[in-house]
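To start, the structure under review is shown below, and the notes come after it.
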There are 2 protein chains.
Amino acid sequence: MSKQKPEVLGRAGAAECCPTLLTAPLDEEQAAELAPVFKALGDPVRLRLLSLIASRQGGEICVCELTPAFDLSQPTVSHHLKLLRQAGLIDCERRGTWVYYWLRPEMTDRLAAILTRPATAADTAS
Amino acid sequence: MSKQKPEVLGRAGAAECCPTLLTAPLDEEQAAELAPVFKALGDPVRLRLLSLIASRQGGEICVCELTPAFDLSQPTVSHHLKLLRQAGLIDCERRGTWVYYWLRPEMTDRLAAILTRPATAADTAS
DNA sequence: AGCTTGCATCGAGAAACGTCTATACAGTCC
DNA sequence: GGACTGTATAGACGTTTCTCGATGCAAGCT
(Lines give C-alpha, C1' and ligand atoms only; values in the text may rest on other atoms or scores of the structure.)
Protein backbone atom coordinates (compact mmCIF):
# COMPACT_ATOMS: atom_id res chain seq x y z
CA MET A 1 0.00 0.00 0.00
CA SER A 2 1.83 2.91 -1.29
CA LYS A 3 0.81 6.21 0.13
CA GLN A 4 -0.67 8.00 -2.80
CA LYS A 5 -0.37 11.72 -2.83
CA PRO A 6 -3.17 13.51 -4.61
CA GLU A 7 -1.31 16.31 -6.30
CA VAL A 8 1.91 16.95 -4.59
CA LEU A 9 3.37 18.73 -7.59
CA GLY A 10 2.88 21.97 -5.77
CA ARG A 11 5.54 24.39 -6.90
CA ALA A 12 7.12 21.80 -9.08
CA GLY A 13 4.40 22.13 -11.59
CA ALA A 14 6.93 21.95 -14.36
CA ALA A 15 8.15 18.72 -12.92
CA GLU A 16 4.91 16.90 -13.33
CA CYS A 17 6.42 14.75 -16.02
CA CYS A 18 9.88 14.42 -14.49
CA PRO A 19 9.57 13.84 -10.76
CA THR A 20 12.93 15.43 -10.04
CA LEU A 21 16.29 13.88 -10.25
CA LEU A 22 16.38 13.63 -6.51
CA THR A 23 13.37 11.55 -5.70
CA ALA A 24 13.35 8.83 -8.32
CA PRO A 25 16.05 7.30 -10.47
CA LEU A 26 16.24 8.92 -13.86
CA ASP A 27 15.82 6.58 -16.77
CA GLU A 28 18.31 6.65 -19.60
CA GLU A 29 16.10 8.60 -21.92
CA GLN A 30 15.45 11.39 -19.45
CA ALA A 31 19.12 11.56 -18.61
CA ALA A 32 20.06 11.79 -22.26
CA GLU A 33 17.60 14.60 -22.73
CA LEU A 34 18.65 16.52 -19.67
CA ALA A 35 22.41 16.18 -19.77
CA PRO A 36 22.96 18.46 -22.78
CA VAL A 37 21.13 21.25 -21.01
CA PHE A 38 23.35 21.00 -17.95
CA LYS A 39 26.34 20.68 -20.22
CA ALA A 40 25.39 23.95 -21.83
CA LEU A 41 25.58 25.51 -18.38
CA GLY A 42 28.90 23.87 -17.70
CA ASP A 43 31.03 26.64 -19.06
CA PRO A 44 31.79 29.92 -17.32
CA VAL A 45 31.34 31.97 -20.46
CA ARG A 46 27.93 30.51 -21.14
CA LEU A 47 26.90 30.94 -17.54
CA ARG A 48 27.77 34.60 -17.73
CA LEU A 49 26.05 34.96 -21.06
CA LEU A 50 22.90 33.38 -19.75
CA SER A 51 23.09 35.54 -16.69
CA LEU A 52 23.49 38.68 -18.75
CA ILE A 53 20.56 37.72 -20.91
CA ALA A 54 18.32 36.61 -18.08
CA SER A 55 18.90 39.58 -15.86
CA ARG A 56 17.51 41.74 -18.59
CA GLN A 57 14.11 41.14 -17.22
CA GLY A 58 12.76 43.65 -19.67
CA GLY A 59 13.34 40.85 -22.03
CA GLU A 60 16.01 40.99 -24.61
CA ILE A 61 19.55 41.98 -25.06
CA CYS A 62 21.40 42.74 -28.25
CA VAL A 63 24.39 40.65 -29.24
CA CYS A 64 26.22 43.89 -29.74
CA GLU A 65 26.00 44.33 -25.98
CA LEU A 66 27.05 40.82 -25.16
CA THR A 67 30.12 40.47 -27.30
CA PRO A 68 32.16 43.29 -25.82
CA ALA A 69 31.49 41.96 -22.33
CA PHE A 70 33.95 39.16 -22.93
CA ASP A 71 37.61 38.84 -23.72
CA LEU A 72 36.77 36.57 -26.58
CA SER A 73 36.45 36.86 -30.30
CA GLN A 74 33.06 37.62 -31.76
CA PRO A 75 32.72 34.17 -33.36
CA THR A 76 33.44 32.49 -30.06
CA VAL A 77 30.69 34.39 -28.31
CA SER A 78 28.39 33.58 -31.19
CA HIS A 79 29.26 29.92 -30.81
CA HIS A 80 28.39 29.91 -27.13
CA LEU A 81 25.10 31.63 -27.84
CA LYS A 82 24.31 28.96 -30.35
CA LEU A 83 24.91 26.23 -27.80
CA LEU A 84 22.68 27.92 -25.27
CA ARG A 85 19.99 28.22 -27.90
CA GLN A 86 20.31 24.59 -28.94
CA ALA A 87 19.92 23.64 -25.31
CA GLY A 88 16.63 25.47 -25.25
CA LEU A 89 17.80 27.96 -22.67
CA ILE A 90 17.51 31.05 -24.83
CA ASP A 91 16.00 32.13 -28.09
CA CYS A 92 16.71 34.92 -30.52
CA GLU A 93 15.34 37.04 -33.29
CA ARG A 94 16.92 39.25 -35.86
CA ARG A 95 15.55 42.74 -35.96
CA GLY A 96 17.07 44.82 -38.67
CA THR A 97 20.80 44.84 -38.32
CA TRP A 98 20.83 43.46 -34.81
CA VAL A 99 20.01 40.17 -33.20
CA TYR A 100 18.32 40.03 -29.83
CA TYR A 101 18.43 37.16 -27.36
CA TRP A 102 16.13 36.38 -24.48
CA LEU A 103 15.73 33.75 -21.80
CA ARG A 104 13.35 30.84 -22.10
CA PRO A 105 12.26 30.56 -18.49
CA GLU A 106 10.45 27.31 -19.13
CA MET A 107 13.80 25.60 -19.34
CA THR A 108 15.39 27.14 -16.28
CA ASP A 109 12.18 26.49 -14.39
CA ARG A 110 12.37 22.89 -15.39
CA LEU A 111 15.95 22.56 -14.24
CA ALA A 112 15.19 24.24 -10.96
CA ALA A 113 12.27 21.91 -10.40
CA ILE A 114 14.42 18.91 -11.15
CA LEU A 115 17.01 19.99 -8.63
CA THR A 116 14.52 20.93 -5.99
CA ARG A 117 13.54 18.24 -3.66
CA PRO A 118 10.37 18.16 -1.64
CA ALA A 119 11.97 20.73 0.64
CA THR A 120 10.71 19.27 3.86
CA ALA A 121 10.00 15.66 3.21
CA ALA A 122 8.11 15.68 6.48
CA ASP A 123 5.78 18.22 5.00
CA THR A 124 4.39 15.98 2.31
CA ALA A 125 4.31 13.07 4.70
CA SER A 126 1.51 12.57 7.21
CA MET B 1 -0.06 22.72 10.67
CA SER B 2 0.99 23.00 7.13
CA LYS B 3 2.13 26.57 7.45
CA GLN B 4 5.84 27.04 6.98
CA LYS B 5 8.03 29.02 9.28
CA PRO B 6 9.37 32.22 7.81
CA GLU B 7 12.93 31.00 7.96
CA VAL B 8 12.28 28.38 5.36
CA LEU B 9 15.52 28.86 3.56
CA GLY B 10 14.52 25.96 1.46
CA ARG B 11 14.58 27.60 -1.90
CA ALA B 12 13.75 31.21 -1.41
CA GLY B 13 16.15 31.81 1.42
CA ALA B 14 19.12 30.45 -0.40
CA ALA B 15 18.31 32.66 -3.29
CA GLU B 16 18.71 35.76 -1.23
CA CYS B 17 22.36 35.36 -0.50
CA CYS B 18 23.32 34.24 -3.98
CA PRO B 19 21.25 36.49 -6.16
CA THR B 20 20.63 33.83 -8.76
CA LEU B 21 21.99 33.64 -12.17
CA LEU B 22 18.75 35.05 -13.45
CA THR B 23 18.45 38.34 -11.67
CA ALA B 24 21.93 39.79 -11.76
CA PRO B 25 24.88 39.27 -14.05
CA LEU B 26 27.29 36.71 -12.70
CA ASP B 27 30.82 37.91 -12.25
CA GLU B 28 33.68 35.90 -13.62
CA GLU B 29 34.63 34.40 -10.30
CA GLN B 30 31.16 33.13 -9.54
CA ALA B 31 30.85 31.72 -13.03
CA ALA B 32 34.17 29.94 -12.71
CA GLU B 33 33.07 28.44 -9.44
CA LEU B 34 29.67 27.36 -10.65
CA ALA B 35 30.44 26.05 -14.11
CA PRO B 36 32.27 22.91 -12.97
CA VAL B 37 29.26 21.88 -10.94
CA PHE B 38 26.95 22.17 -13.91
CA LYS B 39 29.55 20.47 -16.02
CA ALA B 40 29.48 17.55 -13.63
CA LEU B 41 25.77 17.29 -14.30
CA GLY B 42 26.31 17.52 -18.02
CA ASP B 43 26.69 13.83 -18.62
CA PRO B 44 23.86 11.29 -18.78
CA VAL B 45 25.78 8.71 -16.77
CA ARG B 46 26.49 11.14 -13.97
CA LEU B 47 22.93 12.39 -13.96
CA ARG B 48 21.70 8.86 -13.50
CA LEU B 49 24.31 8.18 -10.87
CA LEU B 50 23.33 11.25 -8.93
CA SER B 51 19.72 10.33 -9.30
CA LEU B 52 20.32 6.83 -8.02
CA ILE B 53 22.24 8.15 -5.07
CA ALA B 54 19.85 10.95 -4.25
CA SER B 55 16.70 8.92 -4.46
CA ARG B 56 18.05 6.77 -1.69
CA GLN B 57 16.56 9.10 0.76
CA GLY B 58 17.56 6.74 3.54
CA GLY B 59 20.93 8.12 2.78
CA GLU B 60 23.59 6.06 1.19
CA ILE B 61 24.07 3.60 -1.55
CA CYS B 62 26.90 1.14 -2.03
CA VAL B 63 29.08 1.37 -5.11
CA CYS B 64 28.42 -2.30 -5.56
CA GLU B 65 24.85 -1.38 -6.31
CA LEU B 66 25.71 1.45 -8.64
CA THR B 67 28.23 -0.21 -10.89
CA PRO B 68 26.01 -2.99 -12.25
CA ALA B 69 23.33 -0.44 -13.09
CA PHE B 70 25.37 0.73 -16.06
CA ASP B 71 26.73 -0.78 -19.22
CA LEU B 72 30.13 0.58 -18.36
CA SER B 73 33.31 -0.75 -16.90
CA GLN B 74 33.85 -0.45 -13.19
CA PRO B 75 36.68 2.07 -13.57
CA THR B 76 34.48 4.27 -15.69
CA VAL B 77 31.74 4.37 -13.10
CA SER B 78 34.35 5.06 -10.46
CA HIS B 79 35.63 7.94 -12.54
CA HIS B 80 32.20 9.51 -12.82
CA LEU B 81 31.66 9.17 -9.11
CA LYS B 82 34.91 10.96 -8.54
CA LEU B 83 33.83 13.86 -10.72
CA LEU B 84 30.53 14.16 -8.90
CA ARG B 85 32.38 14.17 -5.63
CA GLN B 86 34.87 16.78 -6.79
CA ALA B 87 31.95 18.93 -7.79
CA GLY B 88 30.67 18.76 -4.24
CA LEU B 89 27.48 17.01 -5.25
CA ILE B 90 28.10 13.80 -3.35
CA ASP B 91 30.37 12.45 -0.68
CA CYS B 92 31.50 9.00 0.28
CA GLU B 93 32.93 6.86 3.02
CA ARG B 94 34.57 3.47 3.08
CA ARG B 95 33.00 1.08 5.51
CA GLY B 96 34.79 -2.21 5.65
CA THR B 97 34.94 -3.69 2.22
CA TRP B 98 32.39 -1.39 0.70
CA VAL B 99 32.21 2.28 -0.15
CA TYR B 100 29.01 4.21 0.33
CA TYR B 101 27.98 7.40 -1.42
CA TRP B 102 25.38 9.96 -0.47
CA LEU B 103 24.01 13.22 -1.75
CA ARG B 104 25.14 16.59 -0.50
CA PRO B 105 21.85 18.45 -0.67
CA GLU B 106 23.52 21.76 0.08
CA MET B 107 24.89 21.76 -3.43
CA THR B 108 21.73 20.79 -5.24
CA ASP B 109 19.85 23.29 -3.14
CA ARG B 110 22.28 25.95 -4.19
CA LEU B 111 21.89 25.12 -7.86
CA ALA B 112 18.13 25.06 -7.58
CA ALA B 113 18.19 28.45 -5.91
CA ILE B 114 20.40 29.85 -8.59
CA LEU B 115 18.07 28.68 -11.30
CA THR B 116 14.96 29.80 -9.51
CA ARG B 117 13.86 33.28 -10.20
CA PRO B 118 11.73 35.41 -7.99
CA ALA B 119 8.65 33.66 -9.34
CA THR B 120 6.71 36.87 -9.53
CA ALA B 121 9.14 39.47 -10.66
CA ALA B 122 6.48 42.08 -10.18
CA ASP B 123 6.34 41.05 -6.57
CA THR B 124 9.82 42.20 -5.69
CA ALA B 125 9.36 45.42 -7.58
CA SER B 126 7.99 48.07 -5.29
C1' DA C 1 50.46 -15.65 5.37
C1' DG C 2 48.12 -16.02 1.14
C1' DC C 3 43.93 -15.71 -1.54
C1' DT C 4 39.79 -13.20 -2.88
C1' DT C 5 36.74 -9.33 -3.45
C1' DG C 6 35.59 -4.32 -3.88
C1' DC C 7 37.06 -0.06 -5.41
C1' DA C 8 40.46 3.46 -7.04
C1' DT C 9 44.21 5.00 -9.97
C1' DC C 10 47.10 4.85 -14.20
C1' DG C 11 47.98 5.28 -19.05
C1' DA C 12 46.23 5.30 -23.70
C1' DG C 13 43.30 6.25 -27.59
C1' DA C 14 39.20 8.23 -29.82
C1' DA C 15 35.89 11.78 -29.67
C1' DA C 16 34.20 16.21 -28.20
C1' DC C 17 35.11 20.98 -26.88
C1' DG C 18 36.76 25.94 -26.87
C1' DT C 19 39.10 29.07 -29.30
C1' DC C 20 40.92 31.37 -33.18
C1' DT C 21 41.18 33.43 -38.20
C1' DA C 22 39.00 33.74 -42.47
C1' DT C 23 34.87 34.12 -44.80
C1' DA C 24 29.91 34.33 -45.84
C1' DC C 25 25.47 36.31 -45.13
C1' DA C 26 21.90 40.00 -43.85
C1' DG C 27 20.73 44.75 -43.44
C1' DT C 28 21.57 49.71 -43.70
C1' DC C 29 23.21 53.91 -45.65
C1' DC C 30 25.21 56.74 -49.28
C1' DG D 1 24.55 49.45 -56.84
C1' DG D 2 28.43 49.56 -53.66
C1' DA D 3 30.50 50.05 -49.30
C1' DC D 4 30.02 49.24 -44.53
C1' DT D 5 28.42 47.12 -40.06
C1' DG D 6 26.63 43.28 -37.29
C1' DT D 7 26.31 38.40 -36.80
C1' DA D 8 26.81 33.51 -38.18
C1' DT D 9 29.35 29.68 -40.31
C1' DA D 10 33.54 27.02 -41.78
C1' DG D 11 37.86 25.03 -40.99
C1' DA D 12 41.88 24.29 -38.05
C1' DC D 13 44.30 23.28 -33.84
C1' DG D 14 45.39 22.36 -29.03
C1' DT D 15 43.08 20.74 -24.81
C1' DT D 16 39.81 18.20 -22.28
C1' DT D 17 36.66 14.33 -21.73
C1' DC D 18 35.03 9.56 -21.87
C1' DT D 19 36.07 5.10 -22.10
C1' DC D 20 38.79 1.08 -21.68
C1' DG D 21 42.23 -2.67 -19.88
C1' DA D 22 45.82 -3.23 -16.57
C1' DT D 23 47.24 -2.61 -12.13
C1' DG D 24 47.36 -1.16 -7.18
C1' DC D 25 45.52 -0.89 -2.59
C1' DA D 26 42.41 -2.06 1.38
C1' DA D 27 39.76 -5.23 3.88
C1' DG D 28 37.87 -9.74 4.88
C1' DC D 29 38.41 -14.83 4.79
C1' DT D 30 40.60 -19.53 5.10
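Numbered from 1 within each chain, the chains take letters A, B, ... in sequence-line order. This one's a predicted model, so the numbers in the text were calculated from it and none came from an experiment. Computed from heavy atoms alone, side chains included, the values below leave out hydrogens, waters and symmetry copies.
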State which of C:dA8, C:dG18, C:dG6 makes the closest approach to the side chain of A:His79.
-> C:dG18
Which nucleotide in C:dC7, C:dG27, D:dC18 has an atom nearest any side-chain atom of A:Arg94 | C:dG27
If each of B:Asp71 and A:Glu65 is mapped to the nucleotide of DNA chain D with the nearest heavy atom, which maps nearer the 5' terminus, i.e. the 5' end?
-> A:Glu65
Does B:Arg46 put a side-chain nitrogen or oxygen below 4.0 Å from OP1 or OP2 of D:dC18?
-> yes
Assign A:Leu72 to base, sugar-phosphate, or nothing according to its heavy-atom contacts below 4.0 angstrom with the strands shown.
-> sugar-phosphate
B:Thr76 side-chain N/O to D:dC20 phosphate OP1/OP2 under 4.0 Å | yes
Nearest of D:dA8, D:dA27, C:dT19 to any side-chain atom of A:Tyr101?
-> D:dA8
What's the closest nucleotide to the B:Thr97 side chain, out of C:dA8, C:dG6, C:dA22?
-> C:dG6
Side chain of B:Cys62: nearest nucleotide among C:dC7, D:dT9, C:dG18?
-> C:dC7
Please determine, for the side chain of B:Trp98, which listed nucleotide (C:dG6, C:dT9, D:dT9) has the closest atom?
-> C:dG6
Look at the side chain of B:Lys39 and decide which nucleotide, out of D:dT17, D:dG6, C:dG6, has an atom nearest to it.
-> D:dT17
Using only side-chain N and O atoms of A:Tyr100, determine if any of them is under 4.0 Å from OP1 or OP2 of D:dG6.
-> no
First locate atom CG of B:Asp91, then atom CD of B:Glu106, and finally report the distance between them rounded to the nearest 0.5 Å.
-> 9.0 Å
How is B:Leu83 classified with respect to the nucleic acid when contacts are heavy atoms under 4.0 Å: base, sugar-phosphate, or nothing?
-> sugar-phosphate
Is it true that a side-chain atom of A:Thr67 and a backbone atom of A:Cys64 form a donor plus acceptor pair closer than 3.5 Å?
-> no
Find the distance between CD1 (B:Ile53) and CG (A:Leu22) and round it off to the nearest 0.5 Å.
-> 11.0 Å
Distance below 4.0 Å between B:Ser73 side-chain N/O and D:dC20 OP1 or OP2 = yes
Of D:dT19, C:dT19, C:dA8, the nucleotide closest to the side chain of B:Ser78 is C:dA8
B:Leu50: which of B:Ile90, B:Leu81, B:Asp43 passes side chain to side chain contact (heavy atoms under 4.5 Å, CB included) = B:Ile90
